[in-house]
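Per chain, numbering begins at 1; letters A, B, ... match sequence-line order.
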2 protein chains.
Amino acid sequence: MSKTVNKQGSTSASRRRMQMTDIARLAGVSVSTVSRALSGSELISAHTRERIKTLAQQFNYTVNSVATNLRSGVKRTIAVVVPFEPGSRQSFADPFLHGMIGSLADALTERGYEMLLSRTDADRLDAVAALIDSGRSAGVILIGQWRHHDQLNAMAARGLPLVVWGAHLPHQDYCTVGGDNVRGGQLVAEHLLAQGRRHMVFLGDCGLPEVAQRYRGFVAGLRAGGINLPAQQRMAVPFLAESGRQAMFTLIDRIPELDAVFACSDLLAMAAVGALRERKKQVPTDVAVVGYDDVELSAHFNPPLSTVRQPIHEAGALLVGELLMLLEGKTPPPFVVLETRLIVRESSYVA
Amino acid sequence: MSKTVNKQGSTSASRRRMQMTDIARLAGVSVSTVSRALSGSELISAHTRERIKTLAQQFNYTVNSVATNLRSGVKRTIAVVVPFEPGSRQSFADPFLHGMIGSLADALTERGYEMLLSRTDADRLDAVAALIDSGRSAGVILIGQWRHHDQLNAMAARGLPLVVWGAHLPHQDYCTVGGDNVRGGQLVAEHLLAQGRRHMVFLGDCGLPEVAQRYRGFVAGLRAGGINLPAQQRMAVPFLAESGRQAMFTLIDRIPELDAVFACSDLLAMAAVGALRERKKQVPTDVAVVGYDDVELSAHFNPPLSTVRQPIHEAGALLVGELLMLLEGKTPPPFVVLETRLIVRESSYVA
DNA sequence: AAACTCTATGCAATCGATTGCAATTTGCGT
DNA sequence: ACGCAAATTGCAATCGATTGCATAGAGTTT
């Protein structure tokens, strides 16, 4: 016969899944034996073990991990939570998030964990706790702390296994991994000053801790060079290309002598370049642009984008590592600040 | 007191999770009553029900969905599988995938499902079956069929609830949702011909069904305009920016009279623009570039990128809808081909 | 006050696996 | 052939919930 026949001989609709009892019956042994054989227990004779394993494979049987979890209490699912701004769900669009998710997916797969991806309203972080309380996941990795430092502290106080990608803040009871945002902002300031720029603007919402730190570093760096950044040279924009573009138009009109833009994400920086181009400003000749994150596309942008690199890959591995430590009852470092480098490309450099 | 105390009064390490028996004891009723009260059953008096719900909230109790699933047999987790090319894990980097994942996340959340995100070696798709067989997820949404049409057919024959984003192929037993790739390629051909372009190149790996269809449409469109596309004007590149860049260099050297590029993804198109720029070719004046997907960034690229729009949002909703139909035992349409539009922007249009 | 509805709650089996302990089989010495 | 240890395998309790059926009260009718 060339065509294999459905083992249940059923009509395609109602196929009951194989389960351990079925295999046990087929092998003529008890479920205990099957369970032990499939988990490779030495208690079962090598011969029986192989026979059962083969049988299971033939019938496409895989142990039901839901039942296993229930019985053994071990969960191998980690929730990765990506908050979005209430109102617009759009924040998922930032390529930085994708890089982060990819690197977390890698790190989790490597350690044998599954990844439950969950988008949550940034204002309803209690849903995060429910992911753990309901047993759906063993722990949570949250990307960005947004405006909810206190809520996160409360969750940590409840002992929820939680690690956060974000800024290190004072009075912080939860674990964070993040870049050195202050230093990042400072590096950009120094670079732009060295390029002879004097009239800068900052794109980013300082309501978010990471952005606030970048801003602080930037302002401090400028001040050290004898330059002030008046409030009207800053615009609080969400991480959305269109918002960045609009904000940029406003700033161009407001500050005619504008010669440099520091955007707190590469996405915003790209949008800024677009807006400048529409207003016939040359990048970098007229206006230098620096972004943040160093997403993959930045190197291929036109012109290639100067930016502050966030070590995404390292971050993913660290976040996962720390969460697993928490789950094992160990105490990970309360915060890790990763090294941050400025990558100068053509968008801010005139030879 | 300002600091809240852990309900269990435990040392942070070993906190046993609340469970239904605890709530039952606290309320002085049986677990059955708690179960019914929390699920809002009319069998329980309104008064008791409210009392129990309040209690549960106070103690941060959420029913353990693992146990619920086991007992009720209903699973509310869907696996989304993103294959990567064996060898390089990089294919996750394509922004189109992120858009797709985002839209699936939305559609699933809306319908009350969780999303298990899984990266799998494109050559080991049997892992996909295991996701279902092991009960980790109720069904699978696979992004792209890659080179595994037959394996997918086999899985469908086994009755696995599976829907695929990709091309509609002959002899296909699994459900697909995809764009009209042939038409897409054809639209690009017509557009480029109308722009007076004559020396085109195609970037993309025709080993993948979707790409092959785009290529077919493109070639057909060119032929209708009296132009041939010799094999050496095509390069099989994976969906990676750097590969696109290198391929483009090769093609520029190989075809001096080159005046148009059709890349089978926006990512490749952007990389192509970068390579052209490095070789001092103006886009679109010297060379027109058209991409595929219309990812969010394309509109903000420099120059804004002409591209074929794939209706990602609609696709996500459809994929989820069809999978849920399968799970309910209904029969969804075997394939859906979504309308495909050419978006002309500056990268291929000279006024 | 007995008989009979309802309403609200509890008992116990069940989902599909794991695992400590008991039971059976096998092998070997004498 | 008998006894005993070692090697296998099976029984039954368990994980945390759900749900059909039984039952205890409250209220109504006669």
Side-chain angles (χ1 to χ4, degrees), chain A residues 14-53 55-56 59-77 130-138, chain B residues 14-53 55-56 59-77 130-138:
Chain A
S14 75
R15 46 185 301 285
R16 196 176 65 88
R17 265 228 313 282
M18 271 282 158
Q19 51 191 61
M20 213 172 251
T21 20
D22 300 321
I23 302 292
R25 193 168 349 92
L26 287 164
V29 296
S30 72
V31 285
S32 328
T33 305
V34 176
S35 170
R36 283 193 262 253
L38 291 179
S39 68
S41 160
E42 289 293 328
L43 280 176
I44 305 298
S45 68
H47 173 246
T48 316
R49 220 188 308 155
E50 280 320 307
R51 195 164 57 87
I52 291 177
K53 280 189 177 175
L55 213 55
F59 285 82
N60 289 313
Y61 172 75
T62 315
V63 294
N64 183 324
S65 55
V66 173
T68 304
N69 285 349
L70 178 57
R71 171 62 221 236
S72 64
V74 187
K75 265 171 292 296
R76 298 197 69 84
T77 303
L131 280 171
I132 302 174
D133 286 330
S134 70
R136 273 190 295 259
S137 70
Chain B
S14 74
R15 47 186 298 285
R16 195 176 65 87
R17 264 227 313 281
M18 270 284 158
Q19 51 190 63
M20 214 172 249
T21 23
D22 300 321
I23 302 293
R25 192 167 350 93
L26 287 165
V29 297
S30 71
V31 283
S32 330
T33 304
V34 175
S35 170
R36 284 194 261 253
L38 291 180
S39 67
S41 159
E42 289 292 329
L43 280 175
I44 305 298
S45 69
H47 174 245
T48 318
R49 220 189 305 155
E50 280 319 307
R51 196 164 57 89
I52 291 177
K53 280 189 177 173
L55 215 53
F59 285 82
N60 289 312
Y61 172 75
T62 316
V63 293
N64 183 322
S65 55
V66 174
T68 303
N69 286 350
L70 177 57
R71 171 60 220 238
S72 63
V74 186
K75 266 172 290 296
R76 301 201 61 89
T77 303
L131 280 170
I132 302 174
D133 286 329
S134 70
R136 275 189 293 260
S137 70

Validation row: [X], [Y] side chains within 4.5 angstrom (heavy atoms):
X         : Y         : result
Ser137(A) : Ile132(A) : yes
Asp22(A)  : Tyr61(A)  : no
Met18(B)  : Ile23(B)  : yes

Please determine if a side-chain N or O atom of [X] lies less than 4.0 Å away from the OP1 or OP2 oxygen of [N].
X        : N       : answer
Ser35(B) : dT18(D) : yes
Ser72(B) : dA17(D) : no
Tyr61(B) : dG16(D) : no

Sidechain-backbone polar pair: Ser134(A) side chain, Ser65(B) backbone, donor-acceptor under 3.5 Å: no

Donor-acceptor pair, side chain of Asn69(B) and main chain of Val66(B), under 3.5 angstrom: no

Distance-minimising heavy-atom pair for Leu70(A) and Ala67(B):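 That closest heavy-atom pairing would be CD1-CB, 4.0 Å.
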
Sub-4.0 Å heavy-atom contacts from residues 36-45 of chain B onto DNA chain D, ordered by number: Arg36(B)

Spacing of [X] atom [atom1] relative to [N] atom [atom2], expressed in whole Å:
X         : N       : atom1 : atom2 : answer
Met20(A)  : dA17(C) : CE    : P     : 5 Å
Lys75(A)  : dA17(C) : NZ    : P     : 18 Å
Asp133(A) : dG16(D) : CG    : P     : 14 Å
Gln19(B)  : dG16(D) : CD    : P     : 4 Å
Ile52(A)  : dT9(D)  : CD1   : C1'   : 10 Å
Leu70(A)  : dA13(D) : CG    : P     : 17 Å
Asn69(B)  : dG16(D) : CG    : C1'   : 12 Å
Arg25(B)  : dG10(C) : CZ    : P     : 14 Å

Just to be sure I understand the rule, does [X] reach a base, reach only the sugar-phosphate, or reach nothing, if contact means heavy atoms closer than 4.0 Å?
X        : answer
Ser32(A) : base
Thr68(A) : sugar-phosphate
Val66(B) : nothing

Upstream residue (5' side of DNA chain C) when Thr33(B) and Arg71(B) are each assigned their closest nucleotide: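 Per heavy-atom nearest nucleotide, the more 5' residue is Thr33(B).
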
What side-chain donor-acceptor pairs closer than 3.5 Å can you find for residues 31-38 of chain A, not counting sequence neighbours?
residue  : atom : partner  : partner atom : Å
Thr33(A) : OG1  : Ser30(A) : OG           : 3.3

